[in-house]
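Convention: sequence-line order gives letters A, B, ...; per-chain numbering from 1. The model shown is predicted, which means the values in this text are computed figures rather than measured ones.
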Amino acid sequence: MKAEPESRFENGIDVRFSIDDLRAREKPEGWDGIRAYAARNHMRNMNAGDKAFFYHSNCKEPGIAGVMEIVKEFSEDKSARRPGTPYYDPQSSKDNIRWSLVHVEFRKKFAVPIGLKELRELGKPGGPLENMMMLKQGRLSVSRVSAEEWKALNEIADEKAKEAGLKHEMTKLVK
DNA sequence: GCCAACGTTGGC
DNA sequence: GCCAACGTTGGC
């Protein structure tokens, strides 16, 4: 699941959301603003307890930043009904709900992120990510990760942390 | 239901 | 800021 970690203003509102922002949240975060049907449908298929990678996009160093958990299954994305805000969709109404979100919670920030370049290397023919949806449909902001891909990526993240002599950050930020 | 035009995403 | 890739819209 992708979000933009660097500030960008739309209708005067900053759409930035990084893994550190999620880490600082004290309540489950609604993953709002998804406006592509394929991405929405992936969220509708998620179950509470599922895990997801937090991907930093449209930034200096795009890549997987960590792990979160789906803590609440899909419900209406009400940001579609707020005129003047970045995710407003005039075609969405109370009687015709087009967009959904799931609620997520922070679980882990990788000590060393897995960059897009590395993901592409792993996605070459014969590599562990050769079928990864995110690499095939680069513009989809929510895509599926297979069990094998999930395992491989977590192992790679653990290895990178070890090499760097660092530990993943596993706890919420406390103010 | 096809498909051209248009809009958006996101890496660079 | 450019622009390729691709999703969405709407005319027919």
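The two residues A/Val71 and A/Ala48 make their nearest non-hydrogen contact at O-CB, 4.2 Å. Taking every heavy atom of both residues into account, A/Arg98 and A/Arg40 meet most closely at O-NH1, 2.8 Å.
Checking A/Arg139 against A/Asn58, the closest nucleotide of DNA chain C that is more toward the 5' end is the one next to A/Asn58. Take the nearest nucleotide of DNA chain C for A/Arg98 and for A/Gly138: the residue whose nucleotide is more 5' is A/Gly138.
At the heavy-atom level, A/Arg120 lies under 4.0 Å from the strands shown only through sugar-phosphate atoms. No engagement by A/Arg40 is indicated, since no non-hydrogen atom pair under 4.0 Å with the nucleic acid exists.
Ionic pairing of A/Lys109 and A/Asp20 is present here: one or more N-O contacts between side-chain nitrogen and carboxylate oxygen are shorter than 4.0 angstrom.
The footprint of chain A on DNA chain C, defined by a heavy-atom cutoff below 4.0 Å, extends from C/dA5 to C/dT9.
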message = For a ring pair (Phe, Tyr, Trp, His ring centres under 6.0 Å) check, start with the C-alpha distance between A/Trp31 and A/Phe74, then their side-chain angles and the critical distance, and finish with the verdict.
response = CA-CA 10 Å; A/Trp31 200 266; A/Phe74 81 89; over 10 Å; no
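One hydrophobic cluster, built from ILVMFWY side chains closer than 4.5 Å, holds both A/Leu119 and A/Ile156.
Residue A/Glu169 is tested with A/Arg107, A/Arg23, A/Lys108 for a salt bridge (charged side-chain N to carboxylate O under 4.0 Å, His left out); the sole match is A/Arg23.
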